[in-house]
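Notes follow once the structure below has been shown.
Residue numbering restarts at 1 for every chain, and letters A, B, ... go by the order of the sequence lines.
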Amino acid sequence: MTKVKICGLKEKQHVQAASRADAVGFVFAPSKRQVTIEQAAELAKHVPVDADKIGVFVNASLKEIEDTVAGVPLTMVQLHGDEPDELVKAIQVPVIQAFSIRTKEDVAKLKRSLADYVLVDAPGTDYRGGSGNVFDWSLLDGADIDPDRLIVAGGLNPGNVHAAIEQTTPYMVDVSSGVETDNRKDTVKIQEFIKQVKGDSVEQTLEKVGFFGKYGGQFVPETLMKAVKELEDAYNEAKEDPEFHKEYHHYLSEYVGREQPLTFAKRMTEAYGGPKIYLKREDLNHTGAHKVNNAIGQALLAMRMGKRKIVAETGAGQHGVATATICALFDLDCVIFMGEEDIKRQQLNVFRMKLLGARVESVTKGSATLKDAVNEALRYWVANVEDTHYLIGSALGPHPFPTMVRDFQSVIGEETKRQILEKEGRLPDTILACVGGGSNAIGMFYPFIQDKEVELIGVEAAGQGVDTDKHAATLTKGTDGVLHGALMKLLQDDAGQVQEAHSISAGLDYPGIGPEHAHLADTGRVEYRSITDDEALAAVISMSRLEGIIPALESAHAIAEAQKQAKQMTADQILVICVSGRGDKDMATYAEKLEGLS
Amino acid sequence: MNRLEQLKSSGNKAFVAYVMAGDGGLERLREQVQYLQGAGVTAIEIGIPFSDPVADGPTIEAAGNRALKQGVTLQKVLEELKSWTFDIKIPLLVMTYLNPVLKFGVERFATECGKAGISGVIIPDLPYEHKQLVQPQLDKENIKLIQLVTLTTTDIRLDAILREAEGFVYAVTIKGITGSRDELSQDVKMFMQKIRKKSPVPVYAGFGISKSSHVDMLRDDVDGFIVGSAIVEAFNAGKIEEIEPLIRAVTTA
C-alpha cells in the first residue's frame with residue numbers, strides 16, 4: 001500500500017489534518033515553508049507516534065542535520081541539494097535523497113544514490129526542494145528503480161495522485177503545494193489527498209485513529225486486534241444512536257441517581273480565604289464514586305455486541321465494585337482481577353464484589369497491585385476474547401478505550417458546566433480533579449477544553465514525595481513509553497522496565513497516565529501538579545470537618561491542591577473541585593493513619 | 001544476505017527455539033545458544049525480559065522475572081551477543097516487547113542488532129498497523145520484522161499482513177498466551193492451511209507447541225514450529241536434553 005507524506009507543514013491544524021498520513025515533512029531549508037527547530041518540535045507533538053517526521057534540508061552540514069534530528073526529534077532526513085555520498089552515509093536515521101528529473105540521465109543518477117529512499121521531483125524554480133511542477137512520470141518507465149525505495153513528488157494533487165500511483169507504484173507519494181490554497185496548507189485538500197491514496201482499500205479499515213497528538217494507539221498482541229477493532233466499530237455506531245444515549249442516561253438517572261449536585265462549599269470558601277468553592281458530588285453516585293458512569297456505558301455496549309461476559313481489573317476496588325454491581329443488574333458473568341496487596345488493603349470491597357456475585361481473582365505476580373491486575377485482565381481477555389468484553393476502568397488502554405471512557409465520564413463536566421452557568425451565570429476560573437489513570441479528570445475537563453478562560457489542573461499522587469522512589473507522579477516524573485496498549489507517560493527505568501508506583505490511595509497507584517492527559521500536558525492546556533500522602537490525609541480531615549463530606553483518598557488530592565490554589569485567587573473568582581468518590585472504602589486507612597485524632 | 005532468506009529453500013521442517021536471555025544469568029546464554037545449535041535447531045529467538053509481558057504465560061513471565069532480578073537489560077543482551085566469537089550458522093532473532101526498544105531508541109536498536117548479527121525481530125505488542133515505528137530502521141540494517149497472525153486475525157488484515165510479510169510468518173496456534181498445552185484445537189489445521197496458501201514466506205506455528213503430538217497434527221500444514229515455554233522450562237530444570245526428541249521429531253521426518 002502506497003504511503004503518504006504531507007510536506008511543508010507549519011501549522012498545528014494542518015498537522016492534525018494529516019493524522020492519517022504515514023509521514024509529515026518539515027522544511028528547514030530557506031523556503032516559504034521554512035520552520036525553526038523549535039517550531040517543528042512544537043508541531044511534532046501532534047504527530048502520531050508511528051508516523052515518520054521527516055526533515056527537509058538543502059546542503060546543510062552534518063552537524064546542523066544531527067542537531068535538528070535530535071531537537072525535533074526527526075525519524076528521517078530528506079536531502080534536496082548536492083549532498084555528497086559521505087554525508088548520506090554519515091546520517092544515522094534513514095535518508096531520502098531527492099532528484100529533479102528532466103531526462104533519462106537524471107534517472108540514472110538517482111539509481112546510484114546510497115540513500116535508503118530516492119525521491120523524484122520536477123526541477124525547482126525559485127528554491128531548491130521541489131517546485132510543484134509536474135514531471136513526466138513516463139521517464140520512470142523501464143528505469144528499473146526498486147519501487148520499495150521510490151518516493152514520487154512533483155505536482156501531485158488530489159486529482160492526479162491516483163494516476164501517478166498507477167503508473168509508478170511507488171513506496172510513498174509526497175505532496176506539498178498540491179494541498180495548498182493561496183500558498184497556505186488547506187485542511188480539506190490534505191484530507192482529500194490522503195483519502196485519494198488510501199481510497200476504499202484495506203487501508204481504510206486500518207486507518208490510523210485513536211491518537212491524542214503522539215500518544216495512544218493500539219499496541220496490543222495480534223490476538224486482541226480483532227476485538228479492539230470490533231469495539232471501535234461498535235462504539236462508533238452506538239455513539240451515533242440516540243436510543244443508546246437514552247438507555248445510558250436512563251440508568252444514570254434511575255439507577256446511579258444522577259444528576260449530582262454542584263454543592264457550594266460555604267465553610268471551605270471562608271476557611272480557604274479565596275475564591276468561591278464548588279464541589280462536584282461524584283461521591284453521591286450509587287457505589288460511591290464516578291466509576292459507575294463508565295461501567296454502565298461499557299456494559300450496555302458489551303450487550304449490544306452480544307457479549308455477556310465481563311472481565312475487569314481493579315485497584316482500590318471501586319471500579320471492581322461498580323463493574324460487579326452493573327453485572328448483577330444486567331445478569332452478566334463477571335471476573336475481577338485484583339492484586340494480592342490490594343486485596344489485603346481493601347477487604348471490604350473484595351467482599352462487596354463477592355456479595356454481588358463476581359469472581360475475584362487474586363494476582364500475586366509483580367508488585368501485586370493495579371498494574372499487574374491489568375496485565376492479568378489483558379491475558380484473560382486474550383484467551384477469552386470471542387465472548388468476553390474487557391471493561392477497563394480508566395481512560396487507559398488501546399484505542400478506543402481512552403476515548404470511550406472519556407465520553408462516558410464526560411457527564412461529570414457536562415453537568416458541571418450547566419450547573420455553574422445556572423448558579424453563577426458564568427464558567428469557573430479554575431477546575432481541579434485528581435489523576436491516576438485519569439478518568440474522573442478527563443470526564444470533568446473534556447467539556448471545558450475549548451473554554452480557554454477556564455484553568456484546568458490535574459492532581460497526581462506524590463506519595464512520599466516526588467524526589468523519593470515512592471510516588472505515582474507520572475506526568476511530573478515519567479517519560480514516554482508503551483504500557484497496556486498505548487503510548488503514554490510512564491514511570492520506567494533506563495532499560496524501559498516499568499516501575500512500581502506508590503500512593504496511599506490505591507486508586508492513584510498506577511505507573512502510567514491516560515494518553516489524552518499526556519497530550520494535554522504537552523500542549524499545556526491542563527497543568528498537572530502533585531500532592532503527597534500526608535497532604536491528602538490533612539485534606540480529608542479539613543473537608544470532613546468543614547463540609548461534613550468525608551472524601552475518598554483519591555479525591556483528597558484534588559482538595560489539598562485546591563487549598564493551595566485558593567491562596568492565589570480572589571473572592572470574585574470561582575473554583576470547582578471534582579469530588580470523585582466518598583471515603584467509606586478508606587475508613588480503615590483513615591482509622592490507622594489518623595489514630596489519636598482529636 | 002539475511003540468513004532468514006535461506007530458510008524456505010532448505011526443504012526440511014524448521015524448529016525455532018526460544019530462550020529467555022539471562023534466565024539463570026546472562027553468561028549462560030552463549031552455552032544455551034551453542035547447545036541448541038548443536039542439537040540441530042533451525043533458528044533461535046532470544047527473548048528480552050520485560051516487566052509486563054502481557055502476551056506471555058506463567059513460564060516465560062517467571063523466566064523473565066528471574067532474568068530481571070539478575071539485572072538483565074536489552075543493552076546487556078546485545079553487548080553479550082556482540083562479544084561472541086564462536087561460529088553461529090543459524091539465524092538469531094530478538095523477541096522483545098516494544099517499550100524496551102523505544103527506551104533504547106529504535107534507530108540504535110536496529111544498528112546494534114545489526115552489529116550483533118541479528119536476522120529478525122519479533123515484537124508481540126507491535127501490530128501491523130503500527131509497524132512503521134520500527135520497519136524503516138530495521139530495513140536499513142536488512143533485519144526482518146516478523147509478523148504474527150492468529151486465529152482471530154480477520155481475512156482483510158491477514159491479506160494485508162501477509163502481503164508485506166518477510167522472514168517468516170509467526171502463526172499463533174491458540175487463542176491465548178504462550179505456554180505448554182495438552183491439546184490444540186482442530187480449527188488450527190485449517191487456519192494453517194489458509195495462511196500457508198497465501199504466505200510468500202514460510203509459516204511457522206508457535207504458542208503452545210510442546211509435544212510431538214502437536215507436531216504430528218500440523219506437520220503437513222506448516223513449514224516449521226516455534227517452541228518456547230517447553231525449552232525455557234527444560235533449561236530452568238536442568239533437563240534440556242529431554243527436548244531433543246521434539247527437535248528430532250520436527251527436523252528429521
Counting only N and O atoms by type, is there a donor-acceptor contact under 3.5 Å from the side chain of [X] to the main-chain atoms of [Y]?
| X | Y | answer |
| --- | --- | --- |
| R157(B) | M225(A) | no |
| T152(B) | T223(A) | yes |
| K140(B) | D116(A) | no |
| H130(B) | Q218(A) | yes |

For a side-chain hydrogen bond (donor to acceptor under 3.5 Å, both in side chains) check, start with the C-alpha distance between Q132(B) and D22(A), then their side-chain angles and the critical distance, and finish with the verdict. CA-CA 8 Å; Q132(B) 277 311 103; D22(A) 303 284; over 6 Å; no
Just how far is it from atom [atom1] of [X] to atom [atom2] of [Y], taken to the nearest 0.5 Å?
| X | Y | atom1 | atom2 | answer |
| --- | --- | --- | --- | --- |
| L487(A) | L102(B) | CG | CG | 7.0 Å |
| K371(A) | S51(B) | NZ | OG | 4.5 Å |
| E222(A) | L151(B) | CD | CG | 11.0 Å |
| R108(B) | Q92(A) | CZ | CD | 11.5 Å |
| D56(B) | N375(A) | CG | CG | 11.0 Å |
| F219(A) | L98(B) | CZ | CG | 6.0 Å |

Segment of [X] engaging chain A (4.5 angstrom heavy-atom cut-off):
| X | result |
| --- | --- |
| Q147(B) | neither |
| F50(B) | both |
| I48(B) | neither |
| V149(B) | backbone |
| P53(B) | both |
| P124(B) | backbone |

Could you look at [X] and say if it's the side chain, the backbone, both or neither that has a heavy atom under 4.5 Å from chain B?
| X | result |
| --- | --- |
| V220(A) | backbone |
| D52(A) | side chain |
| Y380(A) | neither |
| E386(A) | side chain |

Might you point out which heavy atoms bring A495(A) and T73(B) nearest each other, and give the distance in Å? CB-CG2, 3.5 Å
Apply the test side chain to side chain contact (heavy atoms under 4.5 Å, CB included) to residues L68(B) and Q497(A): give CA-CA distance (whole Å), side-chain angles for both, the deciding distance (0.1 Å), then the verdict. CA-CA 9 Å; L68(B) 287 175; Q497(A) 305 295 342; 3.4 Å; yes
Taking the side chain as every heavy atom from C-beta outward, state whether L490(A) and N99(B) have any atom pair closer than 4.5 Å. yes
Any idea which of Q499(A), R379(A), K226(A), K3(A) has the most non-hydrogen atom pairs under 4.5 angstrom with chain B? R379(A)
What I want to find out is whether D494(A) reaches K103(B) closely enough, with some N-O distance under 4.0 Å, to be called a salt bridge. no
Above 12 or not: heavy atoms from other molecules or residues under 6.0 Å from NZ of K69(B)? no
